[in-house]
Amino acid sequence: MEVVKKVEEVRARVDKEKRKGRVIGFVPTMGYLHQGHISLIKRAKQESDFVVVSIFVNPTQFGKNEDYDRYPRDIERDIKILNEEKVDLVFVPEVKEIYPEGFNTWVYVEKYCDILEGKFRPNHFKGVCTVVLKLLNIVEPDKSYFGWKDAQQLIIIKKMVDDLNIKSEIIGCETIREEDGLACSSRNIYLSDKDRKKALCLYKALERIKELVEKEKVIDCKKLIAEGKKIIESEKGVKLDYLEIVRISDLSVVEKIEKGVIVLGAIKIKDVRLIDNLRFE
Ligand code: PAF
């Protein structure tokens, strides 16, 4: 496995593989790898011949009062995991490699970026779109892998790639959960044992909504959201940012459950923000 820091090194290495006709798979990450990332890498390994993983804690997707400085980082541990997973190339750029002095071009998807997460994290998706587009331009993968856990991110990236005629296929992979149902996230490490239990209320709310739809055939979104909110709001110390049901195709709000909708939620426990979702496909 090679570990490189420079854009030109990635390009040269990937070009060499492409000339041999190899299919390039790409998994962009911010490191501190967990089972969710590993599942993306395993899928990429299955479906491509040469797998590239990037590790870059992207400063432009964090707000001023967010956790950029304390975001968990452990590059040695990450490299060890990637080695075990037999990844071919790891790209670990410095901030100035991605954002050299004078960098001044930004990408975002109108309407999609300002709602849901975007309401609570202004400019977050502008940072995500810009860095993902840059990474796709650097790696030029045939296939790129993203988790459904960050559903709005995945939907926005698919839209950007579509709108801008980028060649990489964007593949969404299922959310990986801990034994108790908590969605795997690098930010779970911030939670104390007590808060971790509280955090489960979001998953429980989603499960309750699923049960109401599938078993009790409730399709009225207002009712479903009210039931979900009840569960979250009964948990002391948990602040609900939003719980909404929207279409996967364009994030528009729906009134009744139909095919292709997603329930998206975000909660805050102290200063830890967690998101989760549930799809009806
Ligand atoms: O999901 C993430 O880890 C990040 O948002 C991504 C896609 C690597 C861009 O920085």
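For ligands, and for the atoms within them, numbers begin at 1 and follow the listed sequence.
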V131: numbered ligand 1 atoms lying under 4.0 Å from its heavy atoms: 9 (C), 10 (O)

Ionic contact status for K119 with D114, cut-off 4.0 Å: no

Heavy-atom closest pair, residues V272 and R187: CG1-O, 4.0 Å

Heteroatom distance test (N58, ligand 1): nitrogen or oxygen, under 3.5 angstrom: no

Part of T29 within contact of ligand 1 (heavy atoms, under 4.0 Å): backbone

What protein heavy atom is closest to [atom], reported as residue, atom name and distance in Å?
atom                    : answer
atom 3 (O) of ligand 1  : M30 CG, 3.6 Å
atom 7 (C) of ligand 1  : Q153 NE2, 3.5 Å
atom 10 (O) of ligand 1 : Q61 OE1, 2.6 Å

Approximate separation, where rounding is to 0.5 Å, of N58 CG and M30 CE: 7.5 Å

Exercise: do E47 and Y145 side chains pair donor with acceptor under 3.5 Å: yes

Of I171, D142, L135, V14, the residue whose pairing with F26 passes side-chain contact (heavy atoms from CB on, under 4.5 Å): L135

